[in-house]
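Below: the structure, in structure tokens.
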Number of protein chains: 2
Amino acid sequence: MIPIGNATDARSRLLAAAVESFAARGFHGTTTRDIASAAGMSPAALYVHYKSKEDLLYLISRNGHAQTLQLVREAVGSSNDPVEQLLAVVRAFTIHHARGHTSARIVNYELAALSPDHLKEIAAIRRGIEKEMRGVVEAGAAVGAFRTSSPQMTALALLSLGIDVARWYRDEGEWGPEKIADYYCELALRLVGAQREPPTMETATTLSSGTTAPQTRAVLPDQTRISST
Amino acid sequence: MIPIGNATDARSRLLAAAVESFAARGFHGTTTRDIASAAGMSPAALYVHYKSKEDLLYLISRNGHAQTLQLVREAVGSSNDPVEQLLAVVRAFTIHHARGHTSARIVNYELAALSPDHLKEIAAIRRGIEKEMRGVVEAGAAVGAFRTSSPQMTALALLSLGIDVARWYRDEGEWGPEKIADYYCELALRLVGAQREPPTMETATTLSSGTTAPQTRAVLPDQTRISST
DNA sequence: CTTATTTCTAAGCGTTTGCTTAGTCTTCCC
DNA sequence: GGGAAGACTAAGCAAACGCTTAGAAATAAG
């Protein structure tokens, strides 16, 4: 079989091969021989670098979850305005699940194959991610920027939309990760019931000092802003 | 192992056992011995009633997809008003994926385990489901009841939300299928940019008689309509 | 050079896999 | 009763499974 990825060290090649295989056929549908041969090695080579097949899954899952949590935290930390936070989180989360759909599929759909101990550890990271999203929606609701009767369920729906991108996204599709993310940002504003003006505290002066380019701030115009490019 | 389900005929017990097993551990994570013993039978009994393990998956998947398509079509057929159609579809779809999360997990996450021929057949049903949802959003957009720049992507997001319920739903959770469906109906109205009032009987005829009737109304109600029960 | 260490393979161990075979038991029709 | 048909099991087969062993090859240090 053709070795996967550009020739780096064997350890990385095995990991990349495992990601591809687990994503394509699932953990239980993948054999250690699949992984080894996709990395251009003999079956035994896997055990020089990794303890077991489950260990590979654990490392992939932990790394993927940690990445996601970090990306969400950075997005939330990028602003004090809930609207900006929401947009940053949804954009980053969506792009991550589209561009990284291969590993995201393992992260989100192979949890049951983890050992009980490993699952417990991963579940804690997932709760961290959910907590961040809930925090953004609650903050927006608290300052009147969002109108939602259940921030908890709305946050769940927002995560749900992003996660499911990993399921349906195809590289051959017409919509690329950025375009999907743009659209999902608009959908997110609708979901949380974003109000026209960010109502509180400082106005545009402090807000425009953010890292990202200050977009026009009419949150929900009569004509939808959703890009059609 | 304890036999699954109330003692009906062996064939049904095997099918129910397969649904439980596939949903819990995935197709490849389930052995034919798991299924047989969960149905309280010997491993060979499975082959009296089914051709193969994959045949069981196929039957479960086909039945589940057919059910979903039917439910979506009935919902769309229940009204001529796109708003009502949307609410009916989202409600039925959401409840289906919550209450039937076990089989819905197989339907949505075990497609890769189907044989190529079976997958082709199932994919056709899935396209039918997508077509129905897209039709509703497009119809709503056409009569000015919805505001969305991409009915296609909005329809995808609506399906996405519903499908992902099967992933996160837990029977022990606080929110039951109906309550989630109520909430998701409100979210759906926001997603499609539903205009303020679903047309009443009188206005409906008036509005639908005109070709466009571009209602310049507020995109979202100032007070959220999401029920807080 | 020798020696130690690391990376990898060929071979294969013991178990589990999907599925088959051969035969038993029950049911139903005559 | 006899006999056919269907439902089921005990036993097991060939292949595939996760993983180990023994040793070769390569590298580096003294």
Side-chain angles (χ1 to χ4, degrees), chain A residues 1-22 24-61 106 110 112-119, chain B residues 1-22 24-61 106 110 112-119:
Chain A
M1 201 172 280
I2 303 139
I4 270 189
N6 300 329
T8 50
D9 61 306
R11 193 181 154 86
S12 308
R13 257 162 47 223
L14 282 164
L15 194 73
V19 169
E20 290 297 324
S21 300
F22 290 163
R25 290 179 299 278
F27 176 78
H28 291 296
T30 298
T31 73
T32 54
R33 285 164 178 83
D34 287 339
I35 299 169
S37 79
M41 313 186 73
S42 79
L46 195 151
Y47 295 91
V48 175
H49 300 284
Y50 300 98
K51 268 185 5 204
S52 65
K53 192 174 84 153
E54 196 273 343
D55 191 47
L56 263 168
L57 174 65
Y58 165 63
L59 292 173
I60 293 166
S61 189
I106 304 168
E110 296 295 334
L114 290 164
S115 76
D117 280 356
H118 288 163
L119 177 57
Chain B
M1 202 172 275
I2 303 141
I4 272 189
N6 300 329
T8 49
D9 63 306
R11 194 181 153 84
S12 308
R13 258 163 44 222
L14 282 164
L15 194 74
V19 169
E20 291 295 324
S21 299
F22 290 163
R25 291 180 298 279
F27 176 78
H28 291 296
T30 299
T31 73
T32 54
R33 284 164 179 82
D34 287 340
I35 299 169
S37 79
M41 313 185 73
S42 80
L46 195 151
Y47 295 91
V48 174
H49 300 284
Y50 300 98
K51 269 184 5 203
S52 65
K53 192 175 86 155
E54 196 273 343
D55 191 46
L56 263 168
L57 174 65
Y58 166 62
L59 293 172
I60 293 166
S61 189
I106 303 168
E110 296 296 332
L114 289 165
S115 77
D117 280 357
H118 287 163
L119 177 58

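Protein chains get the first letters and strands the later ones, always in sequence-line order, with residue 1 at the start of each.
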Set of residues satisfying salt bridge (Lys or Arg N to Asp or Glu O under 4.0 Å) with respect to A:Arg25, sequence neighbours excluded: A:Asp34
Mutual orientation of the aromatic rings belonging to B:Phe27 and B:Phe22 [parallel < 30°, tilted 30-60°, perpendicular > 60°]: tilted
B:Ser21 side chain to B:Thr30 backbone, donor-acceptor under 3.5 Å: no
Using nucleotides 4-8 of chain C, report all nitrogen or oxygen pairs with the protein that are shorter than 3.5 Å.
residue	atom	partner	partner atom	Å
C:dC8	OP2	A:His49	NE2	2.7

Backbone N/O of B:Leu57 and side chain of B:Glu110: donor-acceptor pair under 3.5 Å: no
Rounded interatomic separation in angstrom, taking CG from B:Asp55 and C1' from C:dG18: 14 Å
B:Ala36 to B:Pro43 - nearest heavy-atom pair and separation: CB-CA, 3.6 Å
Nearest non-hydrogen partners of B:Leu14 and B:Ala39, listed with the distance: CD2-CB, 3.7 Å
Minimum heavy-atom distance B:Lys53-B:His28, with the two atoms named: NZ-CA, 4.2 Å
Taking every non-hydrogen atom, the tightest pair across A:His118 and A:Glu54: ND1-OE2, 2.9 Å
Do any N or O atoms of the protein come closer than 3.5 Å to N or O atoms of nucleotides 18-21 of chain D, and which pairs are they?
residue	atom	partner	partner atom	Å
D:dG18	OP1	A:Thr30	O	3.3
D:dG18	OP1	A:Lys53	NZ	2.9
D:dG18	OP2	A:Thr32	N	2.9
D:dG18	OP2	A:Thr32	OG1	3.3
D:dG18	N7	A:Arg33	NH1	3.0
D:dG18	O6	A:Arg33	NH2	3.1
D:dC19	OP2	A:Tyr47	OH	2.8
D:dC19	OP2	A:Lys53	N	3.0
D:dC19	O5'	A:Tyr47	OH	3.4

